[in-house]
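First comes the structure, then the notes that go with it.
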2 protein chains.
Amino acid sequence: MQDTKERIVSLADQLIKSRGYNAFSYKDISDPLEIKNAAIHYHFPTKTDLGMAVIDVEMQHFMAGTGKLAAQPEDKQLKFLFDTFSKKHKEGLVCLMGSLSPDYDTLPEPLQDKISGLSAAILEWTTGCLERGREKGLFRFEGEASDRALLVISNLLASLLLSRVMGSKVFGRITHQLLRDLGAGK
Amino acid sequence: MQDTKERIVSLADQLIKSRGYNAFSYKDISDPLEIKNAAIHYHFPTKTDLGMAVIDVEMQHFMAGTGKLAAQPEDKQLKFLFDTFSKKHKEGLVCLMGSLSPDYDTLPEPLQDKISGLSAAILEWTTGCLERGREKGLFRFEGEASDRALLVISNLLASLLLSRVMGSKVFGRITHQLLRDLGAGK
DNA sequence: GTCTATATTCCGATAGAC
DNA sequence: GTCTATCGGAATATAGAC
């Protein structure tokens, strides 16, 4: 059974990805957990503390997920990245960066730094994946691997955002085209 | 000299693109304009009314801007689209859809409909531009023009968001790679 | 660790004078 | 069309009992 602290972080994570950082309140967490807002403040004195915990957990999940795949071929590794976005899409969520970046300038500095750190880690991993995959002939693309990785991340992020505005089918259309461009089949 | 109503909309537009819809308040508008919040409510009874006016103006600008270019070659037309995003990038802003889509589910329905309408218009225009441009040999890409248009819009939107999180250079790296992929030179 | 109770601040919105 | 004044509500956060 999950303890309260973990459940708070988990719910906050969901709320950020569904409604945005500035749009959710402690009440949105205390009500479903049937606790009072003071209990949340005990675990996380400020909303900034809570936000940072959410990003920390996301970073740990990303590191753990990619770590397990280190020995797999690169097309399987890239599929892992697409699958994490596909899962969010099915749940009607956007990714953490997609949710937090529009509000970035309104966020306290320690939170900004955590977000930038996470984005750098994702870019670095994706770059390595594409680079090695191209050398092995698993992918086909022009230009620097780091620039291509940026495009892939950019498309995945925006596919979740645009799915909300333009309809659910948009996600599949973007990811399909993306994989096709990389020569990574389907 | 701009009248008050136009200045309110213009400031709201800037605030949405810099801080997000839920993060800005009437005070952020009344202070710089040196008016009281009641004056804003006179012109726009609710925040929803103000938000809709912002989207209406954006739509009018888009229609006017693209209308003027109808006779130009398609690579020039596409450049117009990139230039509007480049302008926002220089001002440190994101685009309207990039700002509003994460909060989409928290927005009142009439506002959601306006946003979806704007996004559909932009997609339709971009699709036509790419389609005709490819027929003339100005662009080179695989797949449906509408899917490619989606990818272009997706990248432009995300390039502004990621520039905030990952640093300003990201915008140029994404747009450069995008144009290169389309065979649209620089 | 969770509670009750409350402080403080800010928000969108309205009434009525000018 | 803008003002003063205020309402009602919600948000983050804190103090102190249990």
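We name chains A, B, ... by the order of the sequence lines, and we start the count at 1 in each one. Computed from heavy atoms alone, side chains included, the values below leave out hydrogens, waters and symmetry copies.
If you measure from atom CD1 of Ile29(A) to atom P of dT2(C), you get 14 Å, rounded to the nearest angstrom. Atom-to-atom, NE2 of His41(B) to C1' of dG12(C) comes out at 5 Å; the value is rounded to the nearest Å. Computed from coordinates, the Lys36(B) NZ to dA13(C) C1' distance equals 16 Å when rounded to whole Å. Summarising the geometry, the separation between NE2 on His43(A) and C1' on dA13(D) is reported as 16 Å, rounded to the nearest angstrom. Put simply, NZ on Lys5(A) is 11 Å from P on dT2(C), counting in whole angstrom units. Distance, Phe44(A) CZ to dT2(C) P: 11 Å, rounded to whole Å. A straight line from OH of Tyr42(A) to C1' of dA15(D) spans 16 Å, rounded to a whole angstrom. Atom pair Ile8(A):CD1 and dG1(C):P shows a separation of 11 Å (rounding to whole Å applied).
Note on ring orientation: taking the six-membered ring where Trp is involved, the planes of Trp125(A) and Phe80(A) are perpendicular (angle over 60°, cut-offs 30° and 60°).
In terms of heavy-atom proximity, Cys95(A) sits nearest to Phe85(A) at CB-CE2, 3.7 Å. Residue Ser159(A) comes nearest to Ser154(B) through the heavy atom pair N-OG, 4.5 Å, listed as atom of the first residue, atom of the second, then distance.
Within 4.0 Å of Ala39(A), counting heavy atoms only, lie sugar-phosphate atoms of the nucleic acid but no base atom.
Under the 3.5 Å distance criterion, the side-chain polar atoms of Ser146(B) are left unmatched by any main-chain donor or acceptor of Thr127(B). Side-chain atoms of Arg164(B) come within 3.5 Å of backbone atoms of Pro102(A) as a donor-acceptor pair (strictly under, hydrogens ignored).
Leu93(A) and Phe171(A) fall into different hydrophobic clusters, where Ile, Leu, Val, Met, Phe, Trp and Tyr side chains are chained together by heavy-atom contacts under 4.5 Å.
Of the two residues contacting DNA chain C, namely Thr46(B) and Asn37(A), the nearest-nucleotide position lying further toward the 5' end is that of Asn37(A).
Taking side-chain N and O atoms only, Thr4(B) has a distance below 4.0 Å to OP1 or OP2 of dT2(D).
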Can you give me every donor-acceptor pair (side chain of residues 31-39 of chain A, partner residue at least two apart or in another chain, under 3.5 Å) with its distance?
{"unit_1": "Asp31(A)", "atom_1": "OD2", "unit_2": "Lys27(A)", "atom_2": "NZ", "d": "2.7"}

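For the segment residues 10-28 of chain A, no residue has any heavy atom less than 4.0 angstrom from an atom of DNA chain C.
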